[in-house]
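Both counts, for ligands and for their atoms, begin at 1 and track the order of listing. Starting from 1, each residue takes its place in the sequence as its number.
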Amino acid sequence: MTKSNPSEIKPSPKQKEIIESKGDTIVISNPGTGKTFTLSRKVINLLENGVEPEDILCLTYTEKAKKEMFDAIFNAKRKFPDSDVMKINIHTFHSYALNYLLDNGLISGDIIGNNILRFSILESFENNKALNYSKNYIISDFMPKVENSLRYIKNFGITPDKIEIKKSEKLLEKSHDEKRSSFTTKEMKSLLTYIVAAYKHYEDSKTDTVDYTDMLLTFIDKFHGEKFPYVLVDEMQDMNEIEAQIVEMVSENLFLVGDVKQAIFGFQGGSTKNFEKFQKTCKPMVLATNRRSTQQILDYSKNYFLGKTEQRAKFEEQLENFDSPSIPPGPIPKIFSTAAHLSKTRRIIEENKGKTIGVITRTNRQIIEISKHLDINNVPYTSTSSKAVTKQARDEIKNFIKGLISNRIEDKISAAFTIFSPYTLKEAFALSDAHKKKDAQKVAEINSWKINLTREDLNQLFKETIYPLCVSKGSEWFSTAVSVEQQIEEYLTFETPTFEALFDFIDIGEESYFERNKEEKTTLSTVHKAKGRQFDIVIYIPNIRSDSNRWIDEITSAILGAKGIDPEDEVAEESLRIDFVSFTRAKQKLFVIVDD
Ligand SMILES: Nc1ncnc2c1ncn2[C@@H]1O[C@H](COP(=O)(O)OP(=O)(O)OP(=O)(O)O)[C@@H](O)[C@H]1O
Ligand SMILES: [Mg+2]
């Protein structure tokens with residue numbers, strides 16, 4: 001097969017028509033038909049026609065997609081300078097809203113991550129003596145489910161005060177089937193109460209901080225800037241209601257691309273209803289020819305989808321010409337049914353040396369399992385989750401050391417929140433609170449928490465505190481600690497080391513550290529992170545555990561149902577769409593490994 005350089009690909013006549021179309025446009029098309037490609041060419045076309053780069057906003061969902069969008073524009077043949085590409089606004093929803101709010105001084109306090117929600121849930125369940133389960137079980141199994149549920153509910157703008165408990169209970173009484181559940185109806189109702197209490201506890205505990213949804217809601221409330229003449233959104237099927245509202249608010253001209261069969265963010269409130277909405281106001285256009293996968297992979301994906309969907313007629317129409325005439329034929333996808341999925345995966349990787357391989361799973365837990373197996377067998381790979389883990393580990397180590405060396409009380413409090421700190425999360429919160437309320441006496445305690453910027457003090461800190469904990473958290477944490485310590489050693493050889501310069505030095509080291517970790521041919525990724533991407537070979541391992549989510553889904557549905565929202569509509573067939581996204585990442589060969 002000839003490898004085409006993406007910068008030299010010529011748009012097809014249909015793509016050209018879309019690139020040159022004027023006014024609000026929505027491109028709804030099957031996987032691999034060149035939606036992302038067309039979007040990047042559209043940006044180039046705008047610039048070549050005199051649109052200022054500052055007037056263009058591209059919105060994506062992940063940092064990875066953001067970088068790929070930038071690369072696609074940067075590497076394409078174009079008639080304008082690099083400096084113009086730098087000026088285009090390419091953002092995730094998150095980074096765009098945050099930058100706007102910060103630049104305009106509209107946000108006070110910090111943006112908080114997921115840990116605080118998790119912690120609030122745990123604390124609230126403990127305070128209420130909600131469950132007899134062990135703490136470990138609550139943390140590993142219970143908490144993530146409640147967390148997802150609360151995030152989901154909040155995405156509809158439903159805050160604790162708006163939840164209608166009595167109505168929700170009535171719905172649970174109707175929906176719950178004791179014969180099919182390990183919980184009685186009475187237990188389900190008390191779980192509902194505990195979950196709402198945890199939600200309230202969370203909202204109350206973050207007095208001065210905001211989470212991601214708060215931030216987007218604040219944006220909607222306070223945005224008063226000028227609209228962007230051009231706003232472009234890839235993978236628009238994954239927008240939730242709030243994000244859709246933002247897109248409308250900030251745009252004069254809209255260009256949206258997506259595929260309803262690939263909507264897989266329903267659990268974050270991603271709503272396929274947006275399609276219907278935007279289709280009314282935007283000119284719909286379609287791309288037909290797939291330019292990614294062999295006909296064998298397309299046929300398999302299509303038949304699988306049509307065989308399982310409840311809306312066959314609708315999708316038969318969409319998938320009518322799901323063809324790739326210019327791609328050479330390949331083998332028919334292979335489905336393996338085996339309990340030995342680890343060694344099977346490794347064998348397929350070894351048999352396809354030289355190809356790009358995507359090992360796609362449903363959960364991060366599966367990725368960790370597979371990466372351990374590949375580590376033992378010396379098979380190189382890049383993993384989407386290991387990068388995230390490494391970044392998290394670096395941040396924790398940095399924040400901890402910073403707090404100990406620094407004289408700033410804010411740095412110390414932030415160190416108190418790291419896993420290395422001797423404070424529990426609850427104590428860290430109390431300190432943060434005391435600081436805000438200017439309770440000097442209480443804060444004084446943390447002031448004595450101090451080391452010097454010397455080799456001796458730092459060595460001791462690594463040896464006694466950082467290494468032991470990192471070892472227990474796994475090889476990624478450990479190797480990250482080693483690399484940070486090496487950087488510090490290197491820095492301390494400077495004549496007059498200072499506190500600020502040390503952290504600049506570590507940050508700079510971080511950049512090159514991530515770059516050195518080059519992409520291997522094999523990538524381990526969850527489906528959700530593999531969106532929009534493609535690999536020569538795909539090994540898909542669905543391994544979906546049955547029904548363990550049913551109780552939390554039922555409670556979530558009851559809470560939303562009481563507000564007239566039917567989540568079933570949105571997440572129906574989500575599992576099917578997840579399979580479809582995975583299959584259609586493959587260019588040449590597709591393997592599916594299911595448990596026996
Ligand atoms: N006109 C063209 N000629 C040759 N190759 C093309 C053309 N248009 C797109 N491609 C290539 O086809 C592949 C799929 O394109 P792209 O990723 O843009 O599809 P997509 O519709 O965004 O897919 P998905 O739905 O999975 O996001 C890419 O490798 C792209 O470079
Ligand atoms: Mg795409």
Novice: Testing the 3.5 Å rule here: is there a donor-acceptor pair between the side chains of N49 and N45?
Specialist: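 Yes, N45 and N49 have a side-chain donor paired with an acceptor closer than 3.5 Å.
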
Novice: Verify whether one side chain among E316 and Q318 offers a donor that lies under 3.5 Å from an acceptor in the other.
Specialist: no

Novice: Is the shortest distance from a Lys or Arg side-chain nitrogen in K277 or E248 to a carboxylate oxygen in the other one below 4.0 Å?
Specialist: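 Yes, charged N to carboxylate O under 4.0 Å.
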
Novice: Decide yes or no on salt bridge (charged side-chain N to carboxylate O under 4.0 Å, His left out) for R151 and E147, but give the supporting numbers first.
Specialist: CA-CA 6 Å; R151 243 176 245 297; E147 179 197 342; 3.0 Å; yes

Novice: Would F255 and Y230 count as a close aromatic pair, with their ring centres under 6.0 Å?
Specialist: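 Distance test on ring centres: not under 6.0 Å, no.
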
Novice: Do you know which of T345, I348, V594, I541 makes side-chain contact (heavy atoms from CB on, under 4.5 Å) with F336?
Specialist: I348

Novice: If you measure from each non-hydrogen atom of T33 to ligand 1, which part falls under 4.0 Å: side chain, backbone, both or neither?
Specialist: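 Both backbone and side chain of T33 come within 4.0 Å of ligand 1.
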
Novice: Is D259 close enough to touch ligand 1? Criterion: a residue heavy atom under 4.0 Å from a ligand atom.
Specialist: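 No, that is not the case, since the closest heavy atom of the residue is not under 4.0 Å from the ligand.
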
Novice: So, 4.0 Å and heavy atoms of E235: is ligand 1 close enough to count as a contact?
Specialist: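 Contact check E235 vs ligand 1: positive.
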
Novice: What atoms of ligand 1 come closer than 4.0 angstrom to any heavy atom of G34?
Specialist: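 Those atoms are 9 (C), 15 (O), 16 (P), 18 (O), 19 (O), 20 (P), 21 (O).
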
Novice: Using a 4.0 Å cutoff against the non-hydrogen atoms of G532, which atoms of ligand 1 qualify?
Specialist: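 Close to G532: 27 (O).
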
Novice: Heavy atoms only: which of G32, S293, G258 lies closest to atom 23 (O) of ligand 1?
Specialist: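 Going through G32, S293, G258 one by one, G32 has the nearest heavy atom to atom 23 (O) of ligand 1.
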
Novice: Give the atom numbers and elements of ligand 1 that come within less than 4.0 Å of a heavy atom of K10.
Specialist: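 Every atom of ligand 1 under 4.0 Å from some heavy atom of K10: 1 (N), 2 (C).
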
Novice: Within a 6.0 Å radius of atom CD1 on I332, are there more than 12 heavy atoms belonging to other residues, nucleotides or ligands?
Specialist: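 Not buried by this count: 12 neighbours or fewer within 6.0 Å.
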
Novice: Between D323 and Q295, do the side chains contain an N or O donor and an N or O acceptor separated by less than 3.5 Å?
Specialist: yes

Novice: Under the side chain to side chain donor-acceptor pair (under 3.5 Å) rule, collect the residues that match up with K154, sequence neighbours excluded.
Specialist: E203, D211, D214

Novice: What do you reckon, does F37 have a nitrogen or oxygen under 3.5 Å from a nitrogen or oxygen of ligand 1?
Specialist: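 Checking ligand 1 against F37, an N or O pair does fall under 3.5 Å apart.
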
Novice: Can you confirm whether the side chains of S149 and T556 place a donor and an acceptor under 3.5 Å from each other?
Specialist: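 Checked: S149/T556 side chains pair up, N/O donor to acceptor below 3.5 Å.
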
Novice: Quick one: do the Y61 and D234 side chains pair a donor with an acceptor below 3.5 Å?
Specialist: no

Novice: At a 4.0 Å threshold, what atoms of ligand 1 neighbour a non-hydrogen atom of S12?
Specialist: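 Those qualifying, in numeric order: 1 (N).
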
Novice: Atom 24 (P) of ligand 1: which of E8, K531, R292 has the nearest heavy atom?
Specialist: R292

Novice: Within a distance under 4.0 Å of any heavy atom of I9, pick out the atoms of ligand 1 and give their elements.
Specialist: 1 (N), 2 (C), 3 (N), 4 (C), 5 (N), 6 (C), 7 (C), 31 (O)

Novice: Is any protein N, O or S atom closer than 2.8 Å to the Mg ion (ligand 2), and if so, which?
Specialist: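 The answer, once waters are left aside, is T36 OG1.
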
